[in-house]
S.K.: 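Pasting a structure below so you can have a look.
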Amino acid sequence: MNSTKIKQTPIKTAIIPTRADDYPEWYQQVIKAADLAEISPVRGCMTIKPWGYAIWENIQRFLDNKLKATGHKNVYFPLLIPISFLEKEAAHIDGFAKECAVVTHARLVVNEEGKLVPSGALEEPYIIRPTSETIIGEAFSRWVQSYRDLPLLINQWANIMRWEMRTRMFLRTSEFLWQEGHTAHATITEAREETLTILDLYTRFVEDELAIPVIKGEKTASERFPGAENTYCIEAMMQDKKALQAGTSHYLGQHFAKAFNIKFLSAEGKEEYTETTSWGVSTRLIGGLIMVHSDDNGLVLPPKIAPVHVVILPILHKEEQRTDILAYCNELAQALRQLSYHNKSVIVEIDTRELTGGEKAWSWVKKGVPFRVEVGIKECQQNAVFVGRRDKEYKERYSQDRTTFINTLIEQLDDLQNTLFKRALHFQQSNTMSIDSKEAFYEYFKKDGGFALAHWNGSPEIEATIKQDLNVTIRCIPLMENPIPGKCIFSGEHSPQQVIFAKAY
């Protein structure tokens with residue numbers, strides 16, 4: 001019996017290449033298609049465009065409110081840090097020395113060839129902040145005198161410069177935006193509680209607002225923040241099964257307090273050093289949003305963080321219908337704007353650009369707006385809307401009574417938010433494997449990989465070997481109430497619990 005092969009027509013996608021074809025390039029093309037950012041003329045830096053910055057503003061707004069609710073107050077410190085400040089904390093300067101951008105001159109002059117050249121060498125060079133522990137530590141030494149000044153809880157929204165060799169927009173750029181919290185406490189207990197409180201705050205924020213499931217854990221000694229006693233983190237899985245560190249919280253002990261003489265007089269009249277912490281998240285979260293939720297048609301945004309919840313697309317085929325259709329769209333927008341979504345008015349945009357209906361719709365698909373509503377003369381006559389939901393295929397649009405759409409929008413937004421989280425959680429869990437032998441471990445990462453849960457004896461030598469052999473690192477030692485001990489799969493020695501290995505960004 002003869003069999004005929006059926007030639008399959010490739011599915012057309014808005015983003016080329018697809019995730020399956022070339023994940024790194026797909027990521028770059030999603031950023032371009034969604035108009036989030038572009039590479040700047042400055043090496044390793046990016047220009048964040050309005051749609052990308054609107055997402056960052058929402059991240060700022062949500063997180064800023066949460067931090068202020070826990071007693072933290074915002075400050076701003078200088079961009080430039082005297083090099084002598086960094087020299088005071090040896091481990092810190094060792095950790096950042098290769099990433100520092102250095103300012104050595106105070107002005108520019110025109111040379112004999114008519115070119116601008118640096119002039120006026122500074123007596124002491126300045127470092128463009130790679131992080132602000134040192135300059136804030138100097139201020140804390142003046143601000144803290146008594147136990148009554150503690151705890152001191154501050155936060156800064158700022159830009160950071162780390163001279164990266166290999167850059168990728170949002171994930172790793174020479175300059176990026178972030179928030180960095182810095183606190184000083186009277187006791188170890190208070191400082192450690194602060195560190196874990198912030199870790200929990202980050203976890204709830206990333207999971208609840210960004211719909212990204214994360215694993216909380218502690219970094220190994222080799223992965224700690226320079227100068228920290230303990231570094232805690234949240235790790236997320238991207239759609240290529242690599243890990244992304246989504247936030248960190250550091251218990252710094254007295255290292256910076258001793259380096260910068262941050263002392264206080266206790267209630268008993270004894271002079272003591274403070275215990276300090278620092279913690280932060282950055283625009284890297286936008287990279288995480290892209291890589292966790294987006295598809296081969298572009299960006300997909302969880303409603304809680306989306307700059308626009310609903311875009312209304314007037315479909316104007318005949319000029320004589322324009323007035324009626326636009327009036328209908330404005331009435332619909334006004335009704336939707338009266339709704340409250342998690343204590344914030346629903347954000348609605350009407351797209352009146354001179355484009356075809358298809359061009360308009362696809363431009364918003366690529367931007368990831370949760371709901372698209374097309375309105376033509378048919379919808380006006382039937383008091384209806386034609387709806388596209390971003391987590392569904394483009395062809396799965398449906399007609400709905402206008403009143404029903406308005407009355408159920410909040411419920412639908414929550415459903416979309418929850419669907420994205422559950423989808424990402426299922427992906428993470430499906431690609432996390434418990435491994436009990438070295439052979440299986442190496443085989444796992446030589447194939448597709450993912451998150452590997454495996455016992456490890458704490459040896460930095462083993463950790464370094466795995467990184468060299470497979471480009472795999474220990475992402476974190478998961479925080480759990482009752483860890484189960486076992487045997488290290490690499491040495492056979494005792495292991496207090498399984499740790500998470502993965503390739504990472």
Side-chain angles (χ1 to χ4, degrees), residues 36-37 40 42 44-49 52-68 70 72-81 86 92 95-96 99-101 127-137 153-164 167-183 194-195 198-199 201-206 209-210 212 214 219 223-228 231-236 244-250 252 256 276-291 305 504-505:
L36 296 173
S40 82
V42 181
C45 296
M46 64 177 172
T47 300
I48 305 175
K49 301 180 80 172
Y53 198 78
I55 296 170
W56 178 241
E57 285 181 311
N58 280 345
I59 290 173
Q60 279 186 298
R61 191 175 297 113
F62 279 118
L63 202 48
D64 197 59
N65 288 337
K66 290 177 185 293
L67 291 172
K68 286 174 179 172
T70 53
H72 300 84
K73 298 185 185 303
N74 285 342
V75 296
Y76 186 82
F77 279 82
L79 173 71
L80 300 178
I81 300 174
L86 271 76
H92 198 63
F96 283 105
E99 299 178 358
C100 288
I127 306 300
I128 298 177
R129 60 177 167 231
T131 178
S132 299
E133 277 75 13
T134 57
I135 196 166
I136 289 176
L153 312 174
I154 67 163
N155 176 65
Q156 173 173 243
W157 291 95
N159 60 337
I160 290 296
M161 177 69 76
R162 295 177 184 172
W163 213 245
E164 298 284 355
T167 58
R168 188 175 298 173
M169 284 190 287
F170 291 112
L171 296 178
R172 193 172 292 277
T173 48
S174 294
E175 181 190 13
F176 56 91
L177 306 180
W178 78 347
Q179 60 77 208
E180 52 175 322
H182 299 267
T183 69
E194 167 77 4
T195 308
I198 294 298
L199 188 72
L201 186 153
Y202 284 162
T203 301
R204 291 195 304 273
F205 170 73
V206 172
E209 312 298 337
L210 308 187
I212 298 175
V214 296
K219 289 291 188 183
E223 296 285 331
R224 276 184 206 141
F225 179 74
T231 288
Y232 300 93
C233 63
I234 50 175
E235 296 286 329
L244 182 77
Q245 181 179 287
T248 50
S249 184
H250 317 288
L252 303 175
F256 288 89
T276 64
T277 79
S278 67
W279 26 270
V281 298
S282 74
T283 37
R284 156 175 280 230
L285 287 176
I286 297 177
L289 270 175
I290 297 166
M291 292 199 293
I305 211 70
Y505 285 95

S.K.: Run Glu223 and Gln245 through side-chain contact (heavy atoms from CB on, under 4.5 Å) and show every step you take.
M.R.: CA-CA 11 Å; Glu223 296 285 331; Gln245 181 179 287; 5.7 Å; no
S.K.: Could you tell me the separation between the OG1 atom of Thr283 and the CH2 atom of Trp178, rounded to the nearest 0.5 Å?
M.R.: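 Those atoms lie 10.5 Å apart.
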S.K.: Say you draw a straight line from OG of Ser282 to CG of Leu171; how long is it, rounded to the nearest 0.5 Å?
M.R.: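 Reported to 0.5 Å precision, the distance equals 9.0 Å.
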S.K.: For the side-chain contact (heavy atoms from CB on, under 4.5 Å) test, which of Val75, Ile198, Asp64 pairs with Asn155?
M.R.: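 Only match with Asn155 under side-chain contact (heavy atoms from CB on, under 4.5 Å): Asp64.
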S.K.: Which residues pass the side-chain hydrogen bond (donor to acceptor under 3.5 Å, both in side chains) test with Thr231, not counting sequence neighbours?
M.R.: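 Testing Thr231 for side-chain hydrogen bond (donor to acceptor under 3.5 Å, both in side chains), a comparison that skips the adjacent residues, returns His250.
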S.K.: Where is the tightest heavy-atom contact between Gly227 and Phe256, given as atom of each residue plus distance?
M.R.: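 Gly227 and Phe256 have their closest heavy atoms at O-CE1, 3.9 Å.
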S.K.: So does Thr195 get a backbone contact from the side chain of Ser249, meaning a donor-acceptor N/O pair under 3.5 Å?
M.R.: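 Side chain of Ser249 to backbone of Thr195: a pair is present.
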S.K.: Can you list everything that forms a salt bridge (charged side-chain N to carboxylate O under 4.0 Å, His left out) with Glu57? Sequence neighbours excluded, please.
M.R.: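 So Glu57 forms no salt bridge (charged side-chain N to carboxylate O under 4.0 Å, His left out) with any residue.
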S.K.: Quick one: side-chain contact (heavy atoms from CB on, under 4.5 Å) partners of Glu164, sequence neighbours excluded?
M.R.: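 Glu164 satisfies side-chain contact (heavy atoms from CB on, under 4.5 Å) with Arg162, Thr167, Arg172, Ser174 once adjacent residues are dropped.
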S.K.: List the residues meeting side-chain contact (heavy atoms from CB on, under 4.5 Å) with Ser132, not counting sequence neighbours, and say none if there are none.
M.R.: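 side-chain contact (heavy atoms from CB on, under 4.5 Å) check on Ser132 returns Arg129, Ile135, Ile136, Gln156, Glu180, His182.
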S.K.: Once ring-ring contact (aromatic ring centres under 6.0 Å, His included) is applied, do any residues pair with Phe205, and if so which ones, sequence neighbours excluded?
M.R.: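 Once residues adjacent in sequence are excluded, Phe205 has no partner under the ring-ring contact (aromatic ring centres under 6.0 Å, His included) criterion.
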S.K.: List in chain and number order the residues that pass side-chain hydrogen bond (donor to acceptor under 3.5 Å, both in side chains) with Arg61, two or more places apart in sequence or in another chain; answer none if no residue qualifies.
M.R.: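 Partners of Arg61 by the side-chain hydrogen bond (donor to acceptor under 3.5 Å, both in side chains) criterion, ordered by chain and then number, come out as Asn58.
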S.K.: Could you tell me which residues satisfy side-chain hydrogen bond (donor to acceptor under 3.5 Å, both in side chains) with Tyr202, sequence neighbours excluded, listed by chain and number?
M.R.: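 Tyr202 satisfies side-chain hydrogen bond (donor to acceptor under 3.5 Å, both in side chains) with Gln179 only.
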S.K.: Per the side-chain contact (heavy atoms from CB on, under 4.5 Å) rule, which among Leu289, Ile59, Ile212 passes with Val206?
M.R.: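 So, applying the side-chain contact (heavy atoms from CB on, under 4.5 Å) to Val206 and each of Leu289, Ile59, Ile212, only Ile212 qualifies.
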S.K.: Tell me every residue that passes ring-ring contact (aromatic ring centres under 6.0 Å, His included) with Trp163, counting only those two or more places apart in sequence or in another chain.
M.R.: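 Expected list: none.
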S.K.: Check Gly247 against Val281 and note the closest heavy-atom contact, atom names and distance.
M.R.: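 Closest approach of Gly247 to Val281: CA-CG1, 3.8 Å.
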S.K.: Could you give the distance from CE (Met291) to OH (Tyr505), rounded to the nearest 0.5 Å?
M.R.: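 Going from the CE atom of Met291 to the OH atom of Tyr505 covers 4.5 Å.
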S.K.: Please list, chain by chain and in numerical order, all residues satisfying salt bridge (charged side-chain N to carboxylate O under 4.0 Å, His left out) with Glu235, sequence neighbours excluded.
M.R.: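 So Glu235 forms a salt bridge (charged side-chain N to carboxylate O under 4.0 Å, His left out) with Lys219, Arg475.
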S.K.: Rounded to the nearest 0.5 Å, what separation is found between the CG atom of Leu177 and the CH2 atom of Trp157?
M.R.: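 Leu177 atom CG to Trp157 atom CH2 measures 9.5 Å (nearest 0.5 Å).
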S.K.: Do Thr248 and Cys233 come within less than 4.5 Å of each other through their side chains, counting heavy atoms only?
M.R.: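 A side-chain contact exists here, since the closest heavy-atom pair is under 4.5 Å.
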S.K.: Assess whether side-chain contact (heavy atoms from CB on, under 4.5 Å) is satisfied between Phe176 and Arg284, documenting all intermediate values.
M.R.: CA-CA 8 Å; Phe176 56 91; Arg284 156 175 280 230; over 6 Å; no
S.K.: Going from CZ on Phe62 to CG on Leu210, what distance comes out if it is rounded to the nearest 0.5 angstrom?
M.R.: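 Answer rounded to 0.5 Å: 9.0 Å.
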S.K.: What pairs with Thr70 under side-chain hydrogen bond (donor to acceptor under 3.5 Å, both in side chains), at least two apart in sequence or on another chain?
M.R.: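 Residues passing side-chain hydrogen bond (donor to acceptor under 3.5 Å, both in side chains) with Thr70: His72.
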S.K.: Please determine which of Thr183, Leu201, Leu199 meets the side-chain contact (heavy atoms from CB on, under 4.5 Å) test together with Trp279.
M.R.: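 By the side-chain contact (heavy atoms from CB on, under 4.5 Å) criterion, Trp279 pairs with just one of Thr183, Leu201, Leu199: Thr183.
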S.K.: I would like to know whether Leu80 and Ile127 meet side-chain contact (heavy atoms from CB on, under 4.5 Å); could you show each step before the answer?
M.R.: CA-CA 6 Å; Leu80 300 178; Ile127 306 300; over 6 Å; no
S.K.: Using the ring centroid of each side chain, check whether Phe96 and Phe225 are separated by less than 6.0 Å.
M.R.: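 Yes, close enough.
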S.K.: Look up atom CD1 in Ile55 and atom CG in Leu36, then write down how far apart they are to the nearest 0.5 Å.
M.R.: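 Rounded to the nearest 0.5 Å, the CD1-CG separation comes out at 5.0 Å.
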S.K.: Among all residues two or more places apart in sequence or in another chain, which pass the ring-ring contact (aromatic ring centres under 6.0 Å, His included) test with Phe77?
M.R.: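 Applying ring-ring contact (aromatic ring centres under 6.0 Å, His included) to Phe77 gives Trp143.
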S.K.: Tell me, with the steps shown, if Thr131 and Ser278 meet side-chain contact (heavy atoms from CB on, under 4.5 Å).
M.R.: CA-CA 10 Å; Thr131 178; Ser278 67; 6.0 Å; no
